[in-house]
Amino acid sequence: MDRYDVVIIGAGAGAKLVWTSLAGSALSVAVVEEALVGGDCPFLACVPSKAMLRSAQVWRAADDPEWAGLFTGRVPERAAYEQTVARRERIVHGRDDTANAAGLEKTGATLIRGTARIVRPGVVDVDGTEIGYGELVLDTGSAPIRPDLPGLDEVPVWTSDEAMSSTSERPELVVVIGGGPVGCELAFLYALFGSAVTVVQRADRLIPREEPKASQAMLSLLHDHGVDVRPNTRVVRAEPHRLGGRLTTDHGDVFDASVVIQAAGRRPRSERVGLEALGVAPGRGGAVEVDERCRVVGAEHVWAVGDVTGVAPFTHTAHYQGRVVAANLAGRETRADYRAVPRAVYTRPVLAAVGHTLASAREAGIEPLTATAPMTQAVRTSIEGEPEGWLTLLAHPDTGAVIGATAWGGRAEEWISEAALAIRAEIPVEVARDVVHPFPTFSEVLETPLWELARSR
Ligand SMILES: Cc1cc2nc3c(=O)[nH]c(=O)nc-3n(C[C@H](O)[C@H](O)[C@H](O)COP(=O)(O)OP(=O)(O)OC[C@H]3O[C@@H](n4cnc5c(N)ncnc54)[C@H](O)[C@@H]3O)c2cc1C
Ligand SMILES: NC(=O)c1ccc[n+]([C@@H]2O[C@H](COP(=O)([O-])OP(=O)(O)OC[C@H]3O[C@@H](n4cnc5c(N)ncnc54)[C@H](O)[C@@H]3O)[C@@H](O)[C@H]2O)c1
C-alpha cells in the first residue's frame, strides 16, 4: 500500500493552497480528485459567472445613455450571448484541467484520479486501491440542493453548473428558484441578455442574511432590469409544458419556463467520503465541524477546508483555511479567524459586505454606532458613470473598533478589503479615519462615515 504524509480528498480551492503551501517541504503529498483539478470555482462557479456578467455589462453599455453615443449600435442578443459563451469557454479553458493537473504535479505532489472514501483510520480507498495517510485533508466542496418539488424531474432544470457550462442558446423564459447570491447573479445575467426572468424566493427578501436595505437595493436593481421577483413564495408543482415547464406557486400563480434554474442553496459534500469509518457524523446541514485550526472535531489527524466545513462558503474562505491547515501541518500552530471574511454579489452595482450587519451585531449583544454615506461622495462615481449606492459602517460603541461594513456601489468588492483589515485588526475609527485615499477613487467613500463615527464617540 502506498503511503503519504498528507492525503487530500478533493482538488478544489482549499486543497490548492494546502499543496502549494507544502511544496518544497519534507512532507509527501497526494491529492485525490474525481472530477476537475481546481474544483468548481475556475470551471463552473466564480470564474465563468463573473466572466459572463462582465461580457453582458460591456454589451449593455451600448444602450446606456451614458455611453450609447460612443457606439454605432450593438449586435443582437443572440450573437452577444454566443460571444459571451465563447469568451467564457476561453477563460475556463473549455473545462480542461490539464494545466491545473500539471501545476499540481510540478509542486511535487502526486495526483490520483478517482473517488476517495475513508475505510479506516489512516487509510482511504480510491476506486479499489487503498492508500495510507499520516494526515488527511477533506476538501470535498458542496453540491446544489434540489428542492423537493413534485414534477421537477419532468421539466428542464439547470443548476448553476449547467448554466455555466451550457453552450446552448440563451433561454427565453427563466424561472430562478432561490434569491441568494447565486439566484441574484444569474437572474441579473439573463435579464441583461433580455430573457424574461422570474425569481421565486422562499424568504421574505432577497439575500436575506445581508442588511435589509441591501436586499431592497437588489430588488430595485432586478426590477429595473425587468425581473419579476416573488418573495415569500414557494413553487409547489412543476409539470411539462410546450415551452419547457410550467410552475405553480403556493399563491396560485403560474409561470412558464424554458429553463428552471435551481439556486436554492448548497449542501456540504460530506456523505460519500466515509466519515463514519472515523466515528464522525456531519452536523446539521451536512457540514463537517472543524475547530479553530481546521481539525475535524472528533477525529485524529483529519482536517477540512472549504465549503464542506460550512464556514462562509466562498473561494477566499477555502484559500484561507488551506493556508491555515498547511501552516499547522508544517508545524506552525495557526488558528483561523473568520471575523473579516468579505461577502460579495457581483451585480452592478456590486453588493459587498464584511463583518457584522446591524442584526448580527445585536444578536451578539452589541448596539453599534452606525454611519452611512452615499457613493456620490466619491467623485469617481461621476467619472465612471456609476452614481448609485451607499456605504454603511458599524463601530463598537466601547472600543470604537470597526465591526461591520455593507456597501452597494462601484468596485465595492475591491475596496471592502480596507474595512476587512480594520475589522480583523480591530482598528479604532480614530485611527482608521486617518487613512488617506488616492483621489479620485471609489474608496474615498470610506472617509466621511469614519470621521462621523469618530466624532460620535
Ligand atoms: C454559481 C456560483 C458562483 C460563485 N461565485 C463565487 C465568487 O464569485 N466568489 C467566491 O468566493 N465564491 C463563489 N462561489 C462559491 C465557490 O465556488 C465555492 O465556495 C468554492 O468553489 C469552494 O471550494 P472548495 O475547495 O470548498 O470545493 P470545490 O471547489 O467544489 O472542490 C471540491 C472538489 O472535491 C472533489 N471531490 C468531492 N468528493 C470527492 C471524493 N470523494 N473523492 C475525490 N474527489 C472528490 C470534487 O470533484 C471537487 O473538485 C460561487 C458558487 C457558485 C455555485
Ligand atoms: N459572489 C459570491 O461570492 C458568490 C456567488 C454565488 C454563490 N456564492 C456562495 O455560494 C453559496 C450558495 O449560494 P446560493 O445563492 O445557492 O445559496 P443561499 O443559501 O445563499 O440562498 C438560497 C436562497 O434560496 C431560497 N430558497 C431555498 N429553498 C427554496 C425553495 N424551495 N423555493 C424558493 N426559494 C428557496 C432561500 O430563501 C435562500 O435565500 C452561498 O453561500 C454563497 O456565499 C458566492
Side-chain angles (χ1 to χ4, degrees), residues 8-18 31-50 53 97 112-118 124-127 138-149 152 159-161 163-164 176-186 189 199-210 215 230-236 249-250 261-274 285 304-319 321-322 341-347 350-352 413:
I8 308 174
I9 303 183
K16 182 175 179 183
L17 266 292
V18 180
V31 186
V32 188
E33 173 54 57
E34 65 180 1
L36 293 164
V37 177
D40 283 356
C41 175
F43 297 114
L44 294 161
C46 331
V47 175
S49 58
K50 269 80 258 179
L53 283 160
D97 68 352
I112 303 172
R113 300 266 185 188
T115 299
R117 186 175 180 86
I118 306 159
V124 299
D125 170 277
V126 183
D127 299 336
L138 304 177
D139 179 33
T140 50
S142 63
I145 295 170
R146 192 165 173 91
D148 182 14
L149 184 59
L152 197 61
T159 65
S160 54
D161 287 7
M164 291 300 116
V176 181
I177 299 182
V182 172
C184 290
E185 286 183 358
L186 293 179
L189 174 68
V199 177
V200 180
Q201 164 67 326
R202 188 173 63 185
D204 62 357
R205 55 190 176 96
L206 298 169
I207 42 172
R209 287 186 290 263
E210 301 299 343
S215 301
R230 301 296 177 109
N232 274 319
T233 304
R234 286 165 189 258
V235 177
V236 291
T249 72
D250 54 354
I261 297 185
Q262 177 193 314
R266 296 179 67 88
R267 186 183 159 84
R269 253 192 232 111
S270 56
E271 63 295 327
R272 286 186 304 121
V273 82
V305 296
D307 285 9
V308 75
T309 66
V311 178
F314 302 103
T315 295
H316 42 272
T317 314
H319 287 161
Q321 291 176 318
V341 178
R343 315 177 289 275
V345 184
Y346 291 83
T347 48
V350 168
L351 168 72
E413 75 279 22

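For the single chain, residues carry numbers from 1 onward in sequence order. In each ligand, atom 1 is the first atom listed, and ligand 1 is the first ligand listed.
For K50 and E413, the salt-bridge test fails: no basic side-chain N is under 4.0 Å from an acidic carboxylate O.
Counting only non-hydrogen atoms, the option in H316, K50, E33 that gets closest to atom 8 (O) of ligand 1 is K50. The option from D307, T140, T309, L17 that lies nearest to atom 18 (C) of ligand 1, judged by heavy atoms, is D307. The heavy atom nearest to atom 14 (N) of ligand 1, out of those in P48, C41, C46, is found in C46. Nearest to atom 11 (O) of ligand 1 by heavy atom, out of T315, L138, I118, I9, is T315.
With rounding to the nearest 0.5 angstrom, the CG atom of L138 is 9.5 Å from the OG atom of S270.
At least one heavy atom of Q201 sits closer than 4.0 Å to an atom of ligand 2. Under a 4.0 Å heavy-atom criterion, V200 is in contact with ligand 2. Ligand 1 is never approached by P181 to a heavy-atom distance shorter than 4.0 Å. At least one heavy atom of R209 sits closer than 4.0 Å to an atom of ligand 2. At a 4.0 Å cut-off, not a single heavy atom of M164 sits close enough to ligand 1 to count as contact.
Ligand-side atoms of ligand 1 in range of A35: 47 (O), range being under 4.0 angstrom from any heavy atom.
In this structure R343 satisfies the salt bridge (charged side-chain N to carboxylate O under 4.0 Å, His left out) test together with E210, sequence neighbours excluded.
With a heavy-atom cut-off of 4.0 Å, A203 touches ligand 2 through backbone and side chain alike. Here S160 has side-chain heavy atoms under 4.0 Å from ligand 1, and that is the only part of it that gets that close. Neither the backbone nor the side chain of R117 has a heavy atom within less than 4.0 Å of ligand 1.
Contact annotation: the side chain of Q262 never approaches that of L149 to less than 4.5 Å [non-hydrogen atoms, C-beta and beyond].
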